[in-house]
Protein chains: 2
Amino acid sequence: MLELEAVVPCCPPLTERTLTAEEAERAAAMFKALSDPVRVRLFSAVASAPGGEACVCDISDVGVSQPTVSHHLKKLKEAGLLVSERRGTWVYYRVEPSVLAAMGRLLMAPLPADR
Amino acid sequence: MLELEAVVPCCPPLTERTLTAEEAERAAAMFKALSDPVRVRLFSAVASAPGGEACVCDISDVGVSQPTVSHHLKKLKEAGLLVSERRGTWVYYRVEPSVLAAMGRLLMAPLPADR
DNA sequence: CATCTATGTTGACACACATCGAACCAAGGC
DNA sequence: GCCTTGGTTCGATGTGTGTCAACATAGATG
């Protein structure tokens, strides 16, 4: 399965020019990872955890079964937004800060003055 | 001109705390609107057009049929990212800047120093 | 009114996705 | 070894979504 490797340079801001098909594909993949309420909650739980990481056991009370939680965490990981690491009994998830910055840059564009 | 207020008081930054179910629902809905490559291209085409608006005829060469373009523009409009207006023969789409800012704020969080 | 052009809508289809239970794997303690 | 706890993968199922062809609508023009 292909993962997003070089997500950092992804795309110019959405307000700069019409994205190419490839750029749009990459941008859409990042947005898609956060297009589900459960994934948004899981991601914010990890991102806001002290130290920027959290184990699955601490964030799995989001209203769905535990296999479903694992499924969504896997999707976030495949999209490059999270990384996981097993330490003994527990698996810890951490945010990948560069991807967050890339998405923010996509949206927080310096708007042209003539608008 | 309205000053900066919470036009779309969607949610706190994703890194601040675990979002509630309702907040996550709203955030996911915005991300979902941009989770398709065609919609990303259409949105960037409108956002980057001179004057911040474009008519459908100028942005409909994104590789899909015209009804599909119309379908995606409708979704972007329902999500609140675009507004449309008919002027004579053509329909013009404009970006809704407050929503863009809300999404940016969601991602561009002031990261705690200890990361 | 007739006709043409530019958009939007409808219906149908294939594919993707979210969800769950059950089975499975990995570590640690007995 | 066996058992328990934490986590992932598998299989199935219902729902959602992207796409297009066909049809409908709205203005402009003759």
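The figures that follow rest on heavy atoms only: side chains count, while hydrogens, waters and symmetry mates do not. Sequence lines set the chain letters: A, B, ... in the order given, protein chains first and strands last, and positions in each chain run from 1.
The side chain of B:W90 approaches C:dA6 more closely than any other nucleotide in the set D:dG6, C:dA6, D:dG18. Proximity note for B:K32 (side chain, C-beta onward) versus D:dT8, C:dG8, D:dG16: the nearest is D:dG16. When each of D:dG18, C:dT7, C:dC17 is scored by its nearest atom to the side-chain atoms of B:D36, the top-ranked nucleotide is D:dG18.
Closest approach of B:A27 and A:V40 over heavy atoms only: CB-CG1, 4.1 Å. Heavy atoms only, all atoms of each residue included: A:I59 and A:A54 are closest at CG2-CB, 3.9 Å. Minimum heavy-atom separation, A:S84 to A:K77: OG-NZ, 2.8 Å.
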Go through the steps for A:R94 and A:L82 under the test side chain to side chain contact (heavy atoms under 4.5 Å, CB included), then give the verdict.
-> CA-CA 5 Å; A:R94 242 185 348 269; A:L82 295 180; over 6 Å; no

Full working for side chain to side chain contact (heavy atoms under 4.5 Å, CB included) between A:V95 and A:L81 | CA-CA 6 Å; A:V95 300; A:L81 273 72; over 6 Å; no

Steps toward side chain to side chain contact (heavy atoms under 4.5 Å, CB included) verdict (A:H71, A:K74) | CA-CA 5 Å; A:H71 163 75; A:K74 184 181 180 183; 5.7 Å; no

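Contact annotation for B:Y93: backbone-only contact, meaning every heavy-atom pair under 4.0 Å involves sugar-phosphate atoms and none involves a base.
Residues from residues 61-77 of chain B with heavy atoms under 4.0 angstrom of DNA chain C, sorted by number: B:Q66, B:P67, B:S70, B:K74.
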Strictly under 3.5 Å: I want the nitrogen or oxygen pairs between protein and nucleotides 24-30 of chain D, one per line.
none

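Summary of the strand contacts: A:V38 and B:S84 both lie near DNA chain C, and taking for each the nucleotide with the nearest heavy atom, the more 5' one is attributed to B:S84.
Taking atom CZ on B:R41 and atom P on D:dG18, their separation rounds to 17 Å, with Å as the unit. A:E85 has its CD atom 13 Å from the P atom of D:dT8, to the nearest Å.
Although no hydrogens or angles enter the test, the distance criterion places a donor-acceptor pair under 3.5 Å between the side chain of B:S35 and the main chain of B:K32.
Each disulfide (SG to SG under 2.5 Å) pair with one or both residues in residues 19-79 of chain A, not counting sequence neighbours, appears once here: A:C55-A:C57.
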